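My questions all concern the structure below.
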Amino acid sequence: MSSTTKFASESGPAPSVKHTQSFLPGRGAAPSSSDYDTSLSVEVRKYLRTYGLTPPNVESFEVQAERCLKQLEQKATAIDKYLYLSNLRNNHTDLFYRLAMDHMKELTPLVYTPVVGEACIRWSEIYQQPEGLYLSYADKGNLASVIQNWPAQNVEITVVTDGSRILGLGDLGINGMGIPVGKLALYTACAGIRPDLTLPLTLDLGTNNEALWEDPLYMGSKRPKISCEEEREFMDELMAALTQRWPGIVIQFEDFKNPFPSLERYRNTYTCFNDDIQGTGAVILAGVINAVKNSGIPVKDQRAVFYGAGSAGVGVAKQIVEWFVKEGLTEDEARKCFWFVDTKGLITLDRGDKLADHKVYFARDDNNGKQIKELIDIIDEVKPTILMGLSTIGGVFDKQVLNRMAELNKHPIIFPLSNPSANSECTFADAIKYTEGRAVFASGSPFQPTMYQGVLYHAGQGNNMYVFPGIGMGTILSKAVIVTQNMIYASATSLSTALNEDEKKKGLLYPDVSRIREVSVIVTRGVIRAAQKDGVDREITIREFTDEQLDEWIRQRMYDPRKVHDSLEKEVKGLLQNAVSRQ
Ligand SMILES: NC(=O)C1=CN([C@@H]2O[C@H](COP(=O)(O)OP(=O)(O)OC[C@H]3O[C@@H](n4cnc5c(N)ncnc54)[C@H](OP(=O)(O)O)[C@@H]3O)[C@@H](O)[C@H]2O)C=CC1
Ligand SMILES: CC(=O)C(=O)O
Ligand SMILES: [Mg+2]
């Protein structure tokens with residue numbers, strides 16, 4: 001018997017203690033990777049018939065972690081470290097997640113942004129093992145049967161990309177698989193969604209990145225990206241096929257170049273959300289709520305310039321509009337607090353080009369025919385209190401821009417949110433230096449602390465990783481039929497309340513990443529409560545719970561690799577004892 005088969009049932013009161021299953025298609029009843037964990041006792045090893053297959057000593061988690069960290073340290077490059085951690089995750093799943101949970105700050109940049117960006121650029125070159133499902137346009141008409149090949153019986157959540165806009169790196173085709181893999185690793189590490197119930201999914205719908213067609217190692221279809229019409233038909237079939245195999249599956253769209261049509265088409269019929277539009281909107285709203293409160297400047301006097309008017313920029317602004325309205329502005333007053341900039345300059349209704357649908361809502365109509373192209377001129381005209389970067393253009397918030405923001409504001413709110421680090425609109429060090437330490441700062445990718453005039457400053461990280469794990473977990477646990485806007489909004493307001501006293505005293509915008517597990521409980525609770533209010537939840541047994549009861553219930557359902565270990569030990573020892581007493 002393998003420990004996997006022992007704990008395989010999805011029902012039961014304590015899913016968190018189920019043993020995980022390694023990703024090894026067709027492994028059948030063979031021992032799972034975690035059966036070779038060197039922390040298992042001799043009794044368990046003998047029971048699992050792995051005794052003798054691992055070195056003799058029974059190790060503590062601390063010793064295991066020490067070895068892993070030493071091995072990690074010996075890797076010369078970021079990609080070597082990334083590959084080491086991927087192998088650890090695939091071959092020693094529980095050990096990887098124990099390490100990730102205890103060393104969140106050090107490991108997140110290696111499994112997620114920025115290093116996942118380099119991994120995606122080089123995916124076809126560094127590829128070593130299957131880690132997710134690939135569905136090609138050529139599979140159209142047969143998606144359901146290809147999906148049947150996924151070896152896990154149950155899947156609770158999938159992250160799906162077509163690779164057409166990976167971070168700020170553009171169209172990487174199927175090389176984008178690193179993103180679903182990385183995001184789902186965070187779903188597990190941050191919110192405790194069981195790793196064997198996650199599905200990284202990459203759509204091979206062609207690519208307009210011609211360099212990939214020339215690359216002999218590229219492993220996707222070497223053809224131009226399919227048309228919007230073809231994509232819609234493919235997505236219709238995909239959504240139906242996923243839900244048919246796994247009713248209740250949460251589908252998270254990620255890094256699509258134009259994600260608006262799918263979100264609109266499916267948000268009221270499938271359990272889905274878009275992380276770039278909605279998750280980013282929520283996480284940045286949380287930071288803005290705290291930044292605006294700290295600034296002392298009332299909401300009605302806030303003026304925000306958004307550099308970048310894509311899915312992330314518009315998603316963020318729409319969430320902030322909702323908050324401004326709840327703070328007493330009319331929707332029109334709230335909308336007018338925003339000025340958007342794209343490749344052609346300030347977005348106005350009379351600019352002369354046909355605006356994409358998602359840009360129209362925020363397009364200015366009060367510009368008296370004046371069109372402004374350069375960011376510095378737009379700042380002079382608007383005199384913003386907030387400067388957001390979601391443009392993919394690294395370094396565009398230069399000395400002149402930052403100096404000007406500092407002249408205009410006592411505490412300019414500056415959020416360069418593009419990923420990975422090289423695409424950040426400015427570095428943390430520059431933001432601090434050129435605003436004389438006065439910037440209220442959050443970036444998409446992490447930055448090291450910076451020293452300015454004898455004071456050490458710490459950067460906030462405004463990344464959707466603070467909310468998507470909780471949105472996913474809240475949706476799964478409440479068994480919500482759809483993900484409503486109130487659930488997304490609740491993830492933001494919950495996150496904004498998750499700062500502890502120490503973090504508040506320091507004027508931080510986001511909780512420390514090392515606390516992300518407790519933060520995810522708070523976000524998950526907020527999402528569940530909103531699902532209940534909207535009446536889209538189906539887990540009716542928890543409706544009457546107090547917040548404390550709900551938090552405890554959530555914690556009990558979070559995958560915790562330490563509990564997996566303890567539970568396996570207990571179970572096997574119990575079985576052995578029973579066997580002895582029966583003799
Ligand atoms: N921090 C976080 O959690 C998140 C960060 N992001 C980051 O946000 C960035 C944007 O993502 P997304 O909105 O989905 O991407 P899109 O491609 O949809 O949008 C990019 C936007 O930037 C504009 N832009 C590009 N180049 C310039 C330029 N030189 N000058 C002015 N504007 C420019 C584009 O203009 P045009 O419309 O004219 O093409 C477009 O409006 C990415 O780097 C991504 O990594 C995304 C999600 C979450
Ligand atoms: C973080 C993220 O989702 C992005 O950069 O696209
Ligand atoms: Mg993204």
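When a ligand or atom number is given, it counts from 1 through the structure's own listing order. Source: prediction; values computed, not measured.
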| request: Please work out whether the ring planes of Tyr112 and Phe468 are parallel, tilted or perpendicular, with thresholds of 30° and 60°. | output: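 Aromatic pair Tyr112/Phe468 classed perpendicular.
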| task | Verify the ring-centre separation between Tyr97 and Tyr559: is it less than 6.0 angstrom? | result |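 Yes, close enough.
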| task | Looking only at N, O or S atoms, find the one in Asp276 nearest to the Mg ion (ligand 3) and name it. | result |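 In Asp276, the N, O or S atom with the shortest distance to the Mg ion (ligand 3) is OD1.
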| said: Under 4.0 Å, heavy-atom basis, I'd like to know which part of Asn464 is in contact with ligand 2: side chain, backbone, both or neither. | reply: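 Within the 4.0 Å criterion, Asn464 contacts ligand 2 through side-chain atoms alone.
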| said: Below 4.0 Å, non-hydrogen atoms only: which portion of Met465 touches ligand 2? Side chain, backbone, both or neither. | reply: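 No part of Met465 comes within reach of ligand 2.
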| task | Specify whether Tyr510 and Tyr466 have parallel, tilted or perpendicular ring planes, treating 30° as the upper limit for parallel and 60° as the lower limit for perpendicular. | result | parallel
| field | Gly444: numbered ligand 1 atoms lying under 4.0 Å from its heavy atoms | value | 1 (N)
| task | Examine the proximity of ligand 1 to Ile393 and report which part, side chain or backbone, both or neither, has a heavy atom under 4.0 Å away. | result |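 The answer is the side chain.
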| query | Polar-atom distance check: Asn419 versus ligand 2, any N or O pair below 3.5 Å? | reply | yes
| Should Gly462 be counted as touching ligand 1, given the test is an N or O pair under 3.5 Å? | yes
| task | Could you check whether the rings of Phe447 and Phe441 sit parallel, tilted or perpendicular, using 30° and 60° as the cut-offs? | result | perpendicular
| task | Would you tell me whether Thr161 and Asp255 have side-chain atoms, one donor and one acceptor, within less than 3.5 Å of each other? | result | no
| Contact with ligand 1 for Leu390, non-hydrogen, under 4.0 angstrom | yes
| field | Check: Gly308 N/O within less than 3.5 Å of ligand 1 N/O | value |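 Gly308 vs ligand 1: no N/O contact under 3.5 Å.
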| Can you list the ligand 1 atoms lying under 4.0 Å from a non-hydrogen atom of Lys359? |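 It comes down to these atoms of ligand 1: 36 (P), 37 (O), 38 (O).
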| message | For His358 and Phe260, take the angle between the two ring planes, folded into 0 to 90°, and tell me which bin it lands in: parallel under 30, tilted 30 to 60, perpendicular over 60. | response |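 If you compare the ring of His358 with that of Phe260, the planes turn out parallel.
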| For ligand 1, is Asp276 a contact, meaning one of its heavy atoms is under 4.0 Å away? |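 Under 4.0 Å: yes for Asp276.
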| query | Who gets closest to atom 6 (O) of ligand 2 by heavy atom: Val116, Asp255, Ile179, Asn463? | reply |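 It is Asp255 that holds the nearest heavy atom.
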| Close approach of Arg165 to ligand 1, heavy atoms, under 4.0 angstrom | yes
| query | Are a donor atom and an acceptor atom from the side chains of Ser418 and Asn423 found within less than 3.5 Å of each other? | reply | no
| message | Please work out, at 4.0 Å between heavy atoms, whether the side chain, the backbone, both, or neither of Tyr112 comes within that distance of ligand 2. | response |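 Side chain only.
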| Which of the listed options, Lys344, Lys257, Glu425, holds the heavy atom that is closest to atom 17 (O) of ligand 1? |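 Looking at heavy atoms only, the winner is Lys257.
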| note | For Asp276, the atoms of ligand 2 under 4.0 Å from one of its heavy atoms are 2 (C), 3 (O), 4 (C), 6 (O)
| Protein residue, atom and distance nearest to atom 42 (C) of ligand 1, heavy-atom basis |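 Answer for atom 42 (C) of ligand 1: Thr392 CG2, 3.6 Å.
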| Within less than 2.8 Å of the Mg ion (ligand 3), any N, O or S from Glu254? |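 For Glu254, the answer is yes, given that an N, O or S atom comes within less than 2.8 Å of the Mg ion (ligand 3).
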| Any side-chain donor-acceptor pair under 3.5 Å between Asp275 and Asn464? | yes
| message | Using a 4.0 Å heavy-atom cut-off, which part of Thr280 comes near ligand 1: side chain, backbone, both, or neither? | response |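 Just the side chain.
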